[in-house]
Student: 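One structure, pasted below without further comment.
FYI, side chains are in, hydrogens and waters are out, and symmetry mates aren't considered; it's all heavy atoms of this structure. Numbers here are sequence positions counted from 1.
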Amino acid sequence: MHRFLHDVSSVELPTHFTFPFHYVPHQLCKIAATEVMDYALGQDNWRNELLAGKMLGVLVVKDTSGAMGYLAAYSGNLAHNGNNPYFVPHIYNLLEPQGLFRTGEAEISNINEQIKTLENSPQRQELDELHHSTLMRQKLEIVAMMTAHSEAKCHRDAARANGNLSPELEKQLIKESQFQKAELRRLKKRHRQELEQVERRMSDHDATITALKTRRHAMSEKLQRQLFKLFVVRNARGESMDVATIFEQRLHRLPPGGTGECCAPKLLQYAFMHGYTPVCMAEFWVGESPQGEVRHHGHYYPACRNKCLPLLEYMLQGLDVESNQLIAQSSNDELRIIYEDPWLIVIDKPAGMLTVPGKDEEATSLLELVQHIHDEETLNAVGKAQYSDNTHYRTALEVHRLDQATSGLVVFAKTHKVQSSLRQQFEKRTVSKTYLALLDGVPPKKQGTIVLPLRPDFDDRPRQVVDHEHGKQAITKYRVLEYRGDRTLVEFKPCTGRTHQLRIHASHPQGLGCPITGDMLYGTASHRLCLHAWKLIFTHPITGEAISLESTTINF
């Protein structure tokens with residue numbers, strides 16, 4: 001536990017502990033983070049590794065006497081060491097030389113070497129060459145026979161074109177054609193049999209490889225389960241449970257690799273084991289951004305959900321944790337109807353509200369609110385009368401979605417027919433969508449087009465990463481509307497509809513390099529994400545008219 005080097009006596013303490021998945025860092029955490037960063041970057045043996053990119057974390061605590069200080073942690077390892085005196089130790093040290101991980105890893109590595117040896121053996125290479133040469137020879141034989149047959153057909157066609165064929169000659173030509181077709185079938189059959197023999201030899205050779213891979217998978221899964229049984233964590237109630245059991249009870253699966261190695265669980269574990277009372281917590285990035293990802297030096301980030309959500313849900317039990325402010329900020333907003341007719345309704349969604357129900361049972365979605373106020377009993381009879389297919393009538397049906405943190409226009413259908421038509425318009429990109437965003441920084445150009453392919457970050461959903469090899473194409477047009485000192489108001493027109501497309505295109509160095517204000521995932525947390533779905537233009541599924549709508553409730 002480190003005492004603050006700065007005077008923090010005048011800083012007001014938080015009333016609740018930090019909700020780790022969406023927060024604005026408390027002033028005490030900012031001071032602690034500054035001190036940790038100064039210390040860490042001052043160590044020559046760590047400096048280069050940190051500047052290459054590392055997540056650090058701080059946990060402000062009170063000791064048993066009530067004195068305040070903070071704990072520090074890093075994700076994974078630092079300088080090939082799991083335990084450095086300045087930082088809290090691992091929950092379980094995987095790098096212990098004679099530990100379960102090292103011995104299990106050595107056994108799996110041995111199998112990997114056996115597989116590699118067999119795959120690169122001279123026998124396997126000879127079989128690969130034989131398989132390839134057989135395929136090429138068979139292809140040439142087929143082409144040669146088909147060429148000969150084609151020439152013979154031309155002669156038959158020419159003979160028939162001259163006319164005056166005797167019945168005997170016609171029978172001979174037909175017999176020749178039938179023979180050649182049968183000949184081609186027999187050749188293809190011989191080829192299949194020949195190729196099957198080669199492939200059986202390959203399969204016999206690969207049987208050992210397949211068995212080794214099956215054994216490797218079983219050993220890896222067993223090792224992973226055994227390791228996570230050794231990761232025993234505590235919560236604020238004084239209870240303990242291993243990580244494997246936590247994930248099994250909550251998600252019915254094994255934890256992903258690296259679970260328990262992030263900053264937040266390390267910090268909480270150390271605090272609970274030493275009787276410290278957690279006050280507030282924050283995680284921040286140091287150094288360069290990883291390839292394809294968006295991480296900014298000195299910026300604060302939420303705990304990852306894939307590895308940490310089930311773990312922290314358990315560890316935080318017994319603490320007075322603040323509510324999810326992303327949900328709370330929209331709870332008192334009135335439902336603003338922008339447009340409504342008997343077939344569809346358009347709502348101006350507040351920031352922080354889910355578009356449709358999610359995993360958080362306490363969060364009310366916009367869809368549920370619309371369905372509640374437009375249930376079957378309260379809808380007027382005129383609306384039903386104007387729609388002939390009333391057997392499929394519904395109060396509200398999902399058409400498209402906005403991110404929870406994004407505000408603006410959302411369209412809901414009132415019938416399945418209208419829902420299908422509107423969805424096709426969104427999928428075929430015939431709907432014109434315009435967003436407003438306030439950016440931290442000034443873009444290099446006043447207007448342009450951003451093309452950066454995106455894919456999910458499989459280890460930290462819902463984050464996305466730029467991936468030029470495996471990502472899906474994402475295109476955004478932008479235009480600067482107004483400069484506000486060190487911030488910029490821009491207009492975005494997405495030509496594709498990828499998850500977090502505008503947020504990544506704004507923040508990534510290959511995009512604008514200016515995160516959207518309040519973007520905790522790709523920039524800096526604030527009171528809200530300043531991204532608003534401003535305008536929509538689509539074709540009415542029933543009347544065929546162009547519907548052009550604009551939101552007037554922009555609060556940034």
Student: Measure the spacing between CE of M1 and CZ of R3 and express it to the nearest 0.5 Å.
Tutor: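 Rounded to the nearest 0.5 Å, the CE-CZ separation comes to 4.0 Å.
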Student: Only counting residues at least two apart or in another chain, list the ones meeting salt bridge (charged side-chain N to carboxylate O under 4.0 Å, His left out) with R305.
Tutor: none
Student: Taking T214 for its side chain and T210 for its backbone only, find out whether a donor-acceptor pair lies under 3.5 Å.
Tutor: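 The answer is yes, because a donor-acceptor pair under 3.5 Å joins these two groups.
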Student: Between CG of L311 and CE of M315, what distance do you get to the nearest 0.5 Å?
Tutor: 6.0 Å
Student: Let me see the working for V286 and H297 under side-chain contact (heavy atoms from CB on, under 4.5 Å), right down to the final yes or no.
Tutor: CA-CA 5 Å; V286 176; H297 177 75; 3.8 Å; yes
Student: Over all heavy atoms of both residues, which pair between F17 and P278 is shortest? Give the atoms and the distance, please.
Tutor: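 Heavy-atom minimum between the residues: CE1-CB, 3.6 Å.
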Student: Using side chain to side chain donor-acceptor pair (under 3.5 Å), reason through T496 and Q473 one step at a time and then give a plain yes or no.
Tutor: CA-CA 8 Å; T496 52; Q473 185 184 55; over 6 Å; no
Student: Check the angle between the aromatic planes of H296 and H299 and answer parallel, tilted or perpendicular using the 30° and 60° thresholds.
Tutor: tilted
Student: If we only count heavy atoms from C-beta on, is the V294 to P515 side-chain gap below 4.5 Å?
Tutor: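 Side-chain contact under 4.5 Å: no.
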Student: Kindly determine whether Q249 and Y314 satisfy side chain to side chain donor-acceptor pair (under 3.5 Å), including the steps that lead there.
Tutor: CA-CA 11 Å; Q249 289 183 355; Y314 175 80; over 6 Å; no
Student: Decide side-chain contact (heavy atoms from CB on, under 4.5 Å) for L230 and Q226; before the verdict, give the C-alpha distance in whole Å, the side-chain angles of both, and the deciding distance to 0.1 Å.
Tutor: CA-CA 7 Å; L230 299 175; Q226 289 175 327; over 6 Å; no
Student: Report the C-alpha separation of T434 and K493 in whole Å, then their side-chain angles, then the decisive distance to 0.1 Å, and conclude whether the side chain to side chain donor-acceptor pair (under 3.5 Å) test is met.
Tutor: CA-CA 5 Å; T434 306; K493 285 184 174 289; 2.8 Å; yes
Student: Report the distance from atom NZ of K477 to atom SG of C495, rounding to the nearest 0.5 Å.
Tutor: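 One gets 5.0 Å once the value is rounded to the nearest 0.5 Å.
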Student: To the nearest 0.5 angstrom, please state how far the CE atom of M241 sits from the CD atom of E248.
Tutor: 11.5 Å
Student: Is the backbone of G497 close enough, under 3.5 Å, to the side chain of K433 for a donor and an acceptor to pair up by distance?
Tutor: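 No; zero donor-acceptor contacts below 3.5 Å.
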Student: What do you reckon, is CZ of R250 surrounded by more than 12 foreign heavy atoms closer than 6.0 Å?
Tutor: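 Count over threshold, so yes.
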Student: Check step by step if side-chain contact (heavy atoms from CB on, under 4.5 Å) holds for L268 and L59.
Tutor: CA-CA 8 Å; L268 290 169; L59 174 66; 4.3 Å; yes
Student: Is it the case that the side chain of E398 and the backbone of V411 share a donor-acceptor pair, with hydrogens and angles ignored and the cut-off at 3.5 Å?
Tutor: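 Not confirmed, E398 side chain does not pair with V411 backbone.
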Student: Thinking salt bridges, do R124 and D206 make one under a 4.0 Å N-O criterion?
Tutor: yes
Student: Are the side chains of Y23 and M520 in contact, using a 4.5 Å heavy-atom criterion?
Tutor: yes
Student: Of all the heavy-atom pairs spanning P443 and V480, show the shortest one and how long it is.
Tutor: CG-CG2, 4.3 Å
Student: Which of these passes ring pair (Phe, Tyr, Trp, His ring centres under 6.0 Å) with F87: Y39, Y70, Y270, W46?
Tutor: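 When Y39, Y70, Y270, W46 are each tested with F87, the ring pair (Phe, Tyr, Trp, His ring centres under 6.0 Å) holds only for W46.
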Student: Between T18 and M281 (side chain of the first, backbone of the second, donor and acceptor by atom type, cut-off under 3.5 Å), is there such a pair?
Tutor: yes
Student: Evaluate the criterion side chain to side chain donor-acceptor pair (under 3.5 Å) for residue pair H274 and D63; output intermediate values, then yes/no.
Tutor: CA-CA 8 Å; H274 290 78; D63 63 18; over 6 Å; no
Student: Taking the side chain as every heavy atom from C-beta outward, state whether F247 and R253 have any atom pair closer than 4.5 Å.
Tutor: yes
Student: Taking atom types as modelled, find out whether S407 and K349 have a side-chain donor-acceptor pair closer than 3.5 angstrom.
Tutor: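 No, K349 and S407 have no side-chain donor paired with an acceptor closer than 3.5 Å.
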Student: For the pair Y522 and H500, evaluate ring pair (Phe, Tyr, Trp, His ring centres under 6.0 Å) and give the outcome as yes or no after the intermediate values.
Tutor: CA-CA 10 Å; Y522 308 106; H500 294 181; 5.6 Å; yes
Student: Does a side-chain heavy-atom distance below 4.5 Å link F272 with L319?
Tutor: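 Of all side-chain heavy-atom pairs linking L319 with F272, at least one is under 4.5 Å.
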Student: Does a donor on one side chain and an acceptor on the other come within less than 3.5 Å for H532 and N555?
Tutor: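 No.
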Student: Take atom CD of E288 as the centre, draw a 6.0 Å sphere, and report whether it contains more than 12 heavy atoms from other residues, nucleotides or ligands.
Tutor: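 Incorrect, the count does not exceed 12.
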Student: Can you tell me if D44 has over 12 outside heavy atoms packed within less than 6.0 Å of its CG?
Tutor: no
Student: Would T245 and D242 count as having a side-chain donor-acceptor pair, cut-off 3.5 Å?
Tutor: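 There is such a pair (donor and acceptor under 3.5 Å, judged by atom type) between the side chains of T245 and D242.
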Student: If we ignore hydrogens and angles and just use 3.5 Å, is the side chain of T517 paired with the main-chain N or O of L438 as donor and acceptor?
Tutor: yes
Student: Can you tell me if CZ on R215 sees more than 12 non-hydrogen neighbours from other groups inside 6.0 Å?
Tutor: no
Student: Within the supplied structure, the quantity of interest is the number of heavy atoms (other residues, nucleotides, ligands) at a distance under 6.0 Å from R295 CZ; does it exceed 12?
Tutor: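 Count over threshold, so yes.
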Student: If you measure from CG on D403 to CG on L502, what distance do you get to the nearest 0.5 Å?
Tutor: 9.0 Å
Student: Going by distance alone, is a donor N or O of one side chain under 3.5 Å from an acceptor N or O of the other, for H22 and E322?
Tutor: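 No pair is found: no donor N or O on one side chain lies under 3.5 Å from an acceptor on the other.
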Student: Cation-pi check for Y74 against K266: NZ or CZ below 6.0 Å from the six-membered ring centre and within 45 degrees of the axis, yes or no?
Tutor: yes
Student: Could you check whether R528 makes a cation-pi contact with F556, meaning its NZ or CZ is under 6.0 Å from the centre of the six-membered ring and within 45° of the ring axis?
Tutor: no
Student: With sequence neighbours excluded, tell me which residues meet salt bridge (charged side-chain N to carboxylate O under 4.0 Å, His left out) with D320.
Tutor: none
Student: Identify each donor-acceptor pair in which a side-chain atom of residues 8-15 lies under 3.5 Å from a protein atom, sequence neighbours left out, and give them as a table.
Tutor:
| from | atom 1 | to | atom 2 | distance (Å) |
| --- | --- | --- | --- | --- |
| S9 | OG | D7 | OD1 | 2.8 |
| S9 | OG | D7 | OD2 | 3.4 |

Student: Is it true that a side-chain atom of Q317 and a backbone atom of N235 form a donor plus acceptor pair closer than 3.5 Å?
Tutor: no
Student: Got a second to check how far R455's CZ is from H470's NE2, nearest 0.5 Å?
Tutor: 7.5 Å
Student: Using the rule given for side-chain contact (heavy atoms from CB on, under 4.5 Å), can you reason through Y300 versus T524, listing the C-alpha separation, both sets of side-chain angles and the distance that settles it, and then say yes or no?
Tutor: CA-CA 6 Å; Y300 297 87; T524 303; 5.6 Å; no
Student: Measure the shortest side-chain to side-chain distance between L5 and D38 over non-hydrogen atoms and say whether it is less than 4.5 angstrom.
Tutor: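 No - every pair of side-chain heavy atoms lies 4.5 Å or more apart.
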Student: For the residue pair R487 and L439, establish whether any side-chain heavy-atom pair is separated by less than 4.5 Å.
Tutor: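 They are not in side-chain contact.
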Student: Keeping the roles fixed (side chain from R463, backbone from L521), state whether a donor-acceptor pair exists under 3.5 Å.
Tutor: yes
Student: Donor-acceptor check, side chain of S507 to backbone of G523, threshold 3.5 angstrom: yes or no?
Tutor: no
Student: Hey, does H2 have a side-chain heavy atom less than 4.5 Å from the side chain of L71?
Tutor: no
Student: So, does Q510 use its side chain to make a donor-acceptor pair with the main chain of V466 at under 3.5 Å?
Tutor: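 Checking the backbone N and O of V466 against the side chain of Q510, no donor-acceptor pair under 3.5 Å is found.
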Student: Mind listing the closest non-hydrogen atom pair of H505 and T476 along with its distance?
Tutor: ND1-OG1, 2.8 Å
Student: Indicate whether any N or O donor in one side chain lies under 3.5 Å from an N or O acceptor in the other, for E368 and S365.
Tutor: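 E368 vs S365: donor-acceptor pair found between side chains.
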Student: For residues P265 and I91, determine if any side-chain heavy atom of one lies less than 4.5 Å from a side-chain heavy atom of the other.
Tutor: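 Yes, side chains in contact.
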Student: Is there a donor-acceptor contact under 3.5 Å from the side chain of T406 to the main chain of L402?
Tutor: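 Checking the backbone N and O of L402 against the side chain of T406, no donor-acceptor pair under 3.5 Å is found.
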Student: Determine, for R484 against E482, whether the closest basic-nitrogen to carboxylate-oxygen distance falls under 4.0 angstrom.
Tutor: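 Judged by the 4.0 Å cut-off on N to carboxylate O distance, R484 and E482 do form a salt bridge.
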